[in-house]
Engineer: 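Can you keep this structure in mind? I'll have questions shortly.
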Protein chains: 2
Amino acid sequence: MAADTASLEQLSATCSHCSLRYLCLPHGLSADDVVRLETLVDTGATIGTDRSLFEQGDAQQALYAIRDGSMKTVAVDEDGLEQILGFYFPGDLLGLDGFGNQRHQCTAIALEDSTVCRIPVERLGHLSDELPSLRHQLMRLMGQALSDEERLLLTLGRKNAEGRIASLLLTMRRRRQLRGLPEGALPLPMKRIELANFLSMRLETVSRVLTRLQRDGVIRVLPGAIDILDTAMLRTRAGQGAWAVDQD
Amino acid sequence: MAADTASLEQLSATCSHCSLRYLCLPHGLSADDVVRLETLVDTGATIGTDRSLFEQGDAQQALYAIRDGSMKTVAVDEDGLEQILGFYFPGDLLGLDGFGNQRHQCTAIALEDSTVCRIPVERLGHLSDELPSLRHQLMRLMGQALSDEERLLLTLGRKNAEGRIASLLLTMRRRRQLRGLPEGALPLPMKRIELANFLSMRLETVSRVLTRLQRDGVIRVLPGAIDILDTAMLRTRAGQGAWAVDQD
DNA sequence: CGTTGTTTTGACTTTATTCAAGCATGGTGG
DNA sequence: CCACCATGCTTGAATAAAGTCAAAACAACG
């Protein structure tokens, strides 16, 4: 498992006591309503490394909230091209894109042994018919997912290799902080080739950029993690690695 | 205005009679419920070329459905980089990303003189508290928006210049067909530099690719439009313009 | 330890960008 | 009505960034 023991112990079998409740579906619900939500959440399902939670094309039966560990989502198009769409960490909700046509549009795969909460959409739909606050939180979460993807489009579209890597590192660290996960070296549970795929570059380029940033004293590359030594410089290089701002 | 007179006349001042109702919010609602929805929709607002419907950072006050014309959405990040996130046509809904934090995450700008329906989110929220079918349609539309952006990430991430242009042309034509808009030459209301920004390339590259596709008899470049002469070949080149499918 | 998978590094090639120039179109004012 | 300018689009030649191919180093694991 990814989280250390201390943070694991704060995860309870119920939403009411879960340390991630402010990021997750329960946010904004009254204590009573959270209790009702709990009744339909299957907490503590586990999923092994490289196993999938759902596959592209599957009927959308449930949403999944990550409790511990990490996942990636990947989509394949008609030509067989694979693109990693995102990396997900504790508190993140997966499966929202299935609301479009009741089928998952991507496959969710565990990057390491992980635990997830399973929330059946059928029952979630019924409960949200009754609880306005739940419905609003669901809309909020979908809106956030939408704007997260927009930000990603911006980064991938307008930054060069170094800018993308630097932005990714900063984003990942910010997300960890928001979740209250331990500071220090940033764990990178994915392989170089997965980073490369996600950022639309080749693994050799990822490697070269990381080496360069390390040589310049901005980061330190550890096995399975990156230590950010000079945040200000990393931010600078995230901004510099951007294309000319032309008219338009 | 973009649509020709024939299709314009099918657009009525009410959702019940709108030719786009099956794509838009009314889809799936009973006749009675559509009438209730109508009461809060301000149909027929107009917006001039280059004017904005809402701006990034504005409070989300309404959703907008395009009736006629076309728009783009653009996001600016902290470094001042601008990225066009999408082009939108009749039947498309704008403003959904604002559900994340009650603020619009991008600016919507008209590519030509257009007409839109304005749907205040406050009142929409209240009505959807009452109408399950409306809320389900809203969820559906958000799910679709999410998977549309995922598809875009796939195209931008894994295809080269030619593949992106070819994919864009095919996608735009498919969207027109879904809406029942007239076939024939595909109108391209946006400038080269806007296409370039959207596809993450330079306008010179857009120009060169279009010229090459025309030289090879795949398309014909008209002022403000593209005639697709050989769909099969265009599809081939959309698929070929893709990076090697490596392991992972 | 030897096998396997992953990451780094090097030399070379390709692709798209950059910079610069030329063409077409459409609108304005003399 | 035409010269002029502005805007948008195309084309060409030189350059830089990232991709490809190949090999070596490193790590993980039985």
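Worth saying up front: this structure is predicted, and the values here are computed from it rather than measured. Note on naming: letters A, B, ... go to the chains in the order of the sequence lines (proteins, then strands), and numbering restarts at 1 for each one.
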Engineer: Roughly how many Å is it from CZ in A:R212 to C1' in C:dT7, rounded to a whole number?
Structural biologist: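 Interatomic distance, CZ of A:R212 to C1' of C:dT7: 17 Å.
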Engineer: Measure the angle between the two terminal helix axes of the helix from C:dC1-D:dG30 to C:dG30-D:dC1, five base pairs each, and quote it to 10°.
Structural biologist: 30°
Engineer: Ignoring the backbone of A:A161, work out which of C:dT18, C:dA16, D:dA18 is nearest its side chain.
Structural biologist: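 Minimum distance to the A:A161 side chain belongs to D:dA18.
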Engineer: Which pair of non-hydrogen atoms, one from B:M190 and one from B:F89, has the smallest distance, and what is that distance?
Structural biologist: CE-CZ, 4.3 Å
Engineer: Taking CD from A:E194 and P from C:dG5, how many angstroms apart are they, rounded to a whole number?
Structural biologist: 15 Å
Engineer: In whole angstrom, give the distance that lies between atom NZ of B:K159 and atom P of C:dT15.
Structural biologist: 17 Å
Engineer: Without decimals, in angstroms, what is the distance between B:M201 CE and C:dT18 C1'?
Structural biologist: 15 Å
Engineer: Just the rounded figure in Å: distance from C1' of C:dT7 to CG of A:L188.
Structural biologist: 13 Å
Engineer: How long is the line joining CZ of B:R158 and C1' of D:dG19, in whole Å?
Structural biologist: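 B:R158 atom CZ is separated from D:dG19 atom C1' by 12 Å.
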Engineer: Nearest-Å distance, CG (A:N197) to P (C:dT6)?
Structural biologist: 14 Å
Engineer: Kindly write out the residues that satisfy salt bridge (Lys or Arg N to Asp or Glu O under 4.0 Å) with A:R51, not counting sequence neighbours, or none if the list is empty.
Structural biologist: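 Counting only residues at least two positions away or on another chain, A:R51 forms no salt bridge (Lys or Arg N to Asp or Glu O under 4.0 Å).
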Engineer: Judged by atom type as modelled, is there a donor-acceptor pair below 3.5 Å linking the side chain of A:R164 to the main-chain atoms of A:S200?
Structural biologist: yes
Engineer: Over how many whole Å does the gap from A:R202 atom CZ to C:dG10 atom C1' extend?
Structural biologist: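 Between C1' of C:dG10 and CZ of A:R202: 18 Å.
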Engineer: Between B:T46 and B:T115, is there a donor-acceptor pair closer than 3.5 Å when you use the side chain of the first and the backbone of the second?
Structural biologist: no
Engineer: When you measure from the side chain of A:E162 to the backbone N and O of A:R237, does any donor-acceptor pair fall under 3.5 Å?
Structural biologist: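 Checking the backbone N and O of A:R237 against the side chain of A:E162, no donor-acceptor pair under 3.5 Å is found.
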Engineer: Does the side-chain contact (heavy atoms from CB on, under 4.5 Å) test come out yes or no for B:Q61 and B:F54, once each step is laid out?
Structural biologist: CA-CA 9 Å; B:Q61 291 174 328; B:F54 52 80; over 6 Å; no
Engineer: Can you tell me how far the CD atom of B:Q105 sits from the CD atom of B:Q60, to the nearest 0.5 Å?
Structural biologist: 9.5 Å
Engineer: For a quick check under 3.5 Å, do B:T231 and B:R173 share a side-chain donor-acceptor pair by atom type?
Structural biologist: yes
Engineer: Got a second to check how far A:I228's CD1 is from A:L186's CG, nearest 0.5 Å?
Structural biologist: 5.5 Å
Engineer: In the 5'-to-3' direction, what one-character label does each nucleotide of nucleotides 6-12 of chain D receive under the scheme B = base within less than 4.0 Å of a protein heavy atom, S = sugar-phosphate only, - = no such atom?
Structural biologist: --SSBBB
